[in-house]
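Below: the structure, in C-alpha cells.
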Amino acid sequence: ESTDSFGYFDLLEGTAVITVNPAFDFEYCEILPKSKGIIPEINDGIITFSTDTADDFTLLFDGNYEGNVLQIFVNPQESDIPEKGSPTVIYVEPGYYDERNNPFRLLSGDTLYIAGGAFIEGGVINAVDADNITVRGRGIISQGENISQGVLFDNCENVKLEGIICNKRYTGWSGQIKDCDNVTVERYRVVSPILYSTDGLNIVCSKNVTYRDCYFRTGDDCVSIKGGTNTAPSDIPVDNILIENCTLWSDGNNAVAIG
C-alpha cells in the first residue's frame, strides 16, 4: 500500500538544509530525480540533504516506488501577493477550511489566492465563460469522495494557475482545461496516486497552453491531451501545447497521453 506524503516551503535566500526522520525502518534512501545528483547523508536513520534552488524532490525508500515516498516542494519566495480586501480577490488565509459544499466559482477578472498554510477540504475551483482568471498561492486543495473533478476552466481565456497543491484522494480527474485559450500553469503540484482515473490536469480542445515547473504524481495519466471526450466531442482544435521542465510520474498509465 502506497503512503504518499508531501511538504512544502519557500526558499527565502541562501541554502536550505532539509532533515527528515522517517517513522519506519529502511535500508537506503534516494533523492529523485536522480539527474540532480543529490546524495543524502544518513545517520541513525535521519536523512539530511541541502538545496540552494527552488525545486521538487522525492525521497524514495529502498527503491520501492509504490511504497512510502515523501515529496518535498521547494518554492521561490513569493512576490506581488494580491491585496486582501480587493473586490476582485478571493483571499484564503492560513487555516483549515471545509468547503465540500461551497465550490469557488470564479468570474472574469477574479484572483483566487490560497495562502501557504491554508488547507481546503473539498477544494473545488470552477471558472466557466470567464477571462483573465488567476489562481495562485502556496496552499492545498484536498479532494476526497464525491468530488469527481477539482479544478475546471471551461471556455476561458487568459488563465494563470500557479503555486498551489492539489491532493486528490478519490477517483476522477484532478483537473481539466477545456475550450480555453492562453493558459499558463506554473509550479502547480498534483499528488493523486489512487488508481484509477486520477489524471493530473488534462487539456481538452484548448490552445496556447503552457505547463512549466510542475509536478504530477498520479494513478492514471499525468496529462491527457484530447480533442473532446466521450460525452462531449468537439471540433475545436488542440494547438500550441508546451510542457517543459516538469516532473510527470504515473503509477498506472502515461506521463502524457494524446487522444
| query | How close do R187 and C214 get, heavy atom to heavy atom, and via which atoms? | reply | N-SG, 3.9 Å
| query | Is there a donor-acceptor contact under 3.5 Å linking the side chains of E244 and Y211? | reply | no
| query | Nearest 0.5 Å, what's the NZ-OH distance between K160 and Y188? | reply | 15.5 Å
| field | From R217, R189, Q71, residue fulfilling side chain to side chain donor-acceptor pair (under 3.5 Å) relative to D56 | value | R189
| task | Kindly indicate whether the side chain of V185, heavy atoms from C-beta on, has any atom under 4.5 Å from the side chain of L201. | result | yes
| query | For R138 and D10, what are the C-alpha separation, side-chain angles and deciding distance, and is it a side-chain contact (heavy atoms from CB on, under 4.5 Å)? | reply | CA-CA 9 Å; R138 295 290 187 265; D10 282 12; 3.0 Å; yes
| message | Side chains of F119 and I114, heavy atoms from C-beta outward: is any pair under 4.5 Å? | response | no
| message | Just so I know, are the side chains of N182 and T210 near enough to count as touching, which here means a heavy-atom distance under 4.5 Å? | response | no
| query | Just wondering, do L248 and V256 contact through their side chains at under 4.5 Å, heavy atoms? | reply | yes
| remark: Interatomic distance, CD1@I141 vs CD@E121, rounded to 0.5 Å, equals 11.0 Å
| query | Would you call L112 and I125 a side-chain contact if the rule is heavy atoms closer than 4.5 Å? | reply | yes
| From Y215, Y8, F57, residue fulfilling ring-ring contact (aromatic ring centres under 6.0 Å, His included) relative to F73 | Y215
| D154 versus C180, closest heavy-atom pair with distance | N-SG, 4.1 Å
| Honestly curious: do I133 and V124 fall in one hydrophobic cluster under the side-chain, below-4.5 Å linking rule? | no
| field | Test applied, side chain to side chain contact (heavy atoms under 4.5 Å, CB included); reference residue, V20; option that passes from T48, I72, I46 | value | I72
| message | So for atom CG, which belongs to N101, do other residues, nucleotides or ligands contribute more than 12 heavy atoms lying within a distance under 6.0 Å? | response | no
| query | Will you find, in the side chains of Y113 and E78, an N or O donor that is under 3.5 Å from an N or O acceptor? | reply | yes
| said: Checking W249 against V190 for the side-chain contact (heavy atoms from CB on, under 4.5 Å) test, could you report, in this order, the C-alpha distance in whole Å, the side-chain angles of both residues, the deciding distance, and whether it holds? | reply: CA-CA 10 Å; W249 173 358; V190 175; over 6 Å; no
| query | Do V223 and D221 touch side chain to side chain, with heavy atoms closer than 4.5 Å? | reply | no
| OG1-CG distance between T218 and D199, expressed to the nearest 0.5 angstrom | 6.5 Å
| query | In terms of side-chain heavy atoms, does N132 have a donor or acceptor partner in N158 at a distance below 3.5 Å? | reply | yes
| remark: When rounded to the nearest 0.5 Å, the distance separating OG of S224 from CG of N202 is 5.0 Å
| query | Should I165 and V135 be regarded as members of a common hydrophobic cluster, given that ILVMFWY residues are connected when their side-chain heavy atoms come within less than 4.5 Å of each other, either directly or indirectly? | reply | no
| query | Does the side chain of F9 reach to within under 4.5 Å of the side chain of I18, using non-hydrogen atoms? | reply | yes
| query | Do I225 and W173 sit in the same hydrophobic cluster, where Ile, Leu, Val, Met, Phe, Trp and Tyr count as joined when their side-chain heavy atoms come under 4.5 Å apart? | reply | no
| message | Within the 4.5 Å heavy-atom criterion, are I90 and F104 side-chain neighbours or not? | response | yes
